Protein chains: 2
Amino acid sequence: MSPNQILQSLIAEQLVSDPNSARGRLLNEAARLFRDKGYERTTVRDLAAAVGIQSGSLFHHFRTKEEILKAVMVETIRLNTALMQAAADRAGSPRDKLRALIRTELESINGQTGEAMAVLVYEWRSLSESSRAEVLKLRDVYEGLWLSVLEELSGKGQLKADPFIVRRMLTGALSWTVTWYKPERGGLTPDGLTDQVMAMMGL
Amino acid sequence: MSPNQILQSLIAEQLVSDPNSARGRLLNEAARLFRDKGYERTTVRDLAAAVGIQSGSLFHHFRTKEEILKAVMVETIRLNTALMQAAADRAGSPRDKLRALIRTELESINGQTGEAMAVLVYEWRSLSESSRAEVLKLRDVYEGLWLSVLEELSGKGQLKADPFIVRRMLTGALSWTVTWYKPERGGLTPDGLTDQVMAMMGL
DNA sequence: GTTTACAAACCAAGCGCTTGCTTGGTATTG
DNA sequence: CAATACCAAGCAAGCGCTTGGTTTGTAAAC
C-alpha cells in the first residue's frame, strides 16, 4: 500500500480527517501555527484567521482550544503508526526494517506531516491530564513497532546497547532534525540522512 | 578545577549570578517553572510567588519577563561552556574527550542545571529576535568544542558519519533524556547511560 | 420545479478573567 | 540620608469562550 492509499483508508475509517474538509484544513493550519509559535502563543483568533472564519466560529467545530491540539496529535499518531507498520512490513532483514523505520520517521518529521509531528513531540505539556493519557496509549502502539525491531537486532548481536535506550536516543535525535534539517537546500537527501544515522550506529 | 571552582570563578567575573543572591534564586526558580510549565504558561505572579515577593516587585530586578528567560539561558550556556571546556581538557584521547563531553552534557541536562538546560533547548521560540541572536552567539562557542573533538575522531577513522550530523544527532538524543531519564530510581547511573551512548555509536 | 423545513456553518459582539507591566509610596540597609 | 528592595493597587490589552441571530447547503413535500 502506498502512503496515499493508507491515508485514504484511514479517512474512510474516520480515524483521520480528510485534509480537504473544513476540519482537516483547520487541523493542518493549527499544526503549522502550533509548531511555529507554540500552542500557548497561538490564539483562537490566529487559528480562525488561518482558515478565514471568525474566532467564535471555531467553537462550532471544537469544544475547546485544547481539543484542537489533541485532535492534531491523535490523528498524526494514527497516520504515522499505519505508515510505519507498512514500511516495516515491506522490509526484509531486521537491519532493513530498522532502516525503513528511521527513513519513514524522518519523512514524517520533515515532510508533509512535519508540523504535526513537531507538535506531537514538543507540545505535550499543554495537554490536559486526560488527553495526555489518551495520546500516550496510542504512542505505546507506535513505540511497540520500534522495540520489536530493535530487540530482533539486539538478539542477532548487531546492536550493542539496550533497545529501550537506543529507541529513546533515536526519538530525540530524529525529532531534533526538525530544527536543522532542510532537505530542499543543501545536498543531503532523506536517504542520505538515513544513511548517516545508520553509519553513526555502525550499521 | 572542580565544577564548584568553575562556578565560583564565573560568579567572581559576574558572568553568572550567585545562586544565593536574590537574582540567582529567582533565576533558579524561573528555570524550574519554565521547564515544568513552559515559559508562556508561567506568569509573573508564579515567578514572584516562587521567591516570595509581589509580582510587581519582579520588575525592580528585570525590565521584562522575557529578560528573565534570556538571563536563564545566557547564564546557563556560560556555565556549561566552562564545564565542558574543563572536562575536555582533563581527558586524553579523542575518544575519552568525546566521552567526557557526553558525560558532562548528560550531567548538565539531568543534574542541578537540568531545569535551565531544558529551558535553553526547548524555549528558544519564546525569545525575541535580538535575544535569540545573543544566545546563538554564545552557543556557537559551545558547539565549537564538540566539533573539534568529533573532527579529531573522524580524522582517526573512528567515526563513520559526518561530525556535524553526529553532533546534531547527539544534541537531540542527549537533550531528550530529560524527558525520560530519572537517575534516582532505576539502576542506570549517569556513567552507565554514557556507556550506552558510546556503545550505540560502536565506541 | 418551486416551496418548505431544518440543521450545519458561520458572524458580530462582547463577557469575564488573566496577562505583563506601571505607579506611588513605604520599609530596610549601609 | 540616600539607595535598594519591596508592597498594594490597578491599568490596558489580550485571552478563551459564549451568546443570539443570520446565512448556506440539502433534501423532502407539494
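This one's a predicted model, so the numbers in the text were calculated from it and none came from an experiment. All values below come from the heavy atoms of this structure, side chains included, with hydrogens, waters and symmetry mates left out. Quick note on labels: first sequence line is chain A, next is B, and so on, each numbered from 1.
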*Asks:* For B/S57, which contact category applies under a 4.0 Å heavy-atom criterion: base, sugar-phosphate, or nothing?
*Replies:*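 It contacts base atoms.
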*Asks:* In whole angstrom, what separates B/F62's CZ from D/dA5's P?
*Replies:*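 Computing the B/F62:CZ to D/dA5:P distance gives 12 Å.
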*Asks:* Looking just at side-chain N and O atoms, do A/T194 and A/R103 make a donor-acceptor pair shorter than 3.5 Å?
*Replies:*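 No - no donor-acceptor pair under 3.5 Å links their side chains.
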*Asks:* Assuming nearest nucleotide by heavy-atom distance, tell me which of A/H60 and A/S55 is located more 5' along DNA chain C.
*Replies:*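 Residue closer to the 5' terminus by nearest nucleotide: A/H60.
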*Asks:* Taking any atom closer than 4.0 angstrom to a non-hydrogen atom of chain B, what span of DNA chain C does the protein reach, first nucleotide to last?
*Replies:*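 On DNA chain C, the outermost contacted nucleotides are C/dT19 to C/dT22.
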*Asks:* Starting from the 5' end of DNA chain D, give me the residue, B/R45 or A/G56, whose nearest nucleotide shows up first.
*Replies:*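 Residue closer to the 5' terminus by nearest nucleotide: B/R45.
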*Asks:* Among side-chain atoms of A/T171 and A/R167, is any donor-acceptor pair under 3.5 angstrom?
*Replies:*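 A/R167 and A/T171 do have a side-chain donor-acceptor pair below 3.5 Å.
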*Asks:* So A/Y122 and B/Y122, would you call those rings parallel, tilted or perpendicular, with 30° and 60° as cut-offs?
*Replies:*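 The rings of A/Y122 and B/Y122 sit tilted, inter-plane angle from 30° to 60°.
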*Asks:* Between A/Q85 and A/Y142, is any side-chain donor less than 3.5 angstrom from a side-chain acceptor?
*Replies:*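 Note: A/Q85 and A/Y142 side chains miss the donor-acceptor criterion.
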*Asks:* Quick one: label A/T64 by what it contacts on the DNA or RNA (base, sugar-phosphate, nothing), any heavy atom closer than 4.0 Å.
*Replies:*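 Result for A/T64 = sugar-phosphate.
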*Asks:* Can you spot which of B/E66, B/E134, B/E67, B/K70 makes a side chain to side chain donor-acceptor pair (under 3.5 Å) with B/S128?
*Replies:*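 Of B/E66, B/E134, B/E67, B/K70, side chain to side chain donor-acceptor pair (under 3.5 Å) with B/S128 is met by B/E66 alone.
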*Asks:* Assess the side chains of A/S55 and A/R45: does a donor N or O sit below 3.5 Å from an acceptor N or O?
*Replies:*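 No, A/R45 and A/S55 have no side-chain donor paired with an acceptor closer than 3.5 Å.
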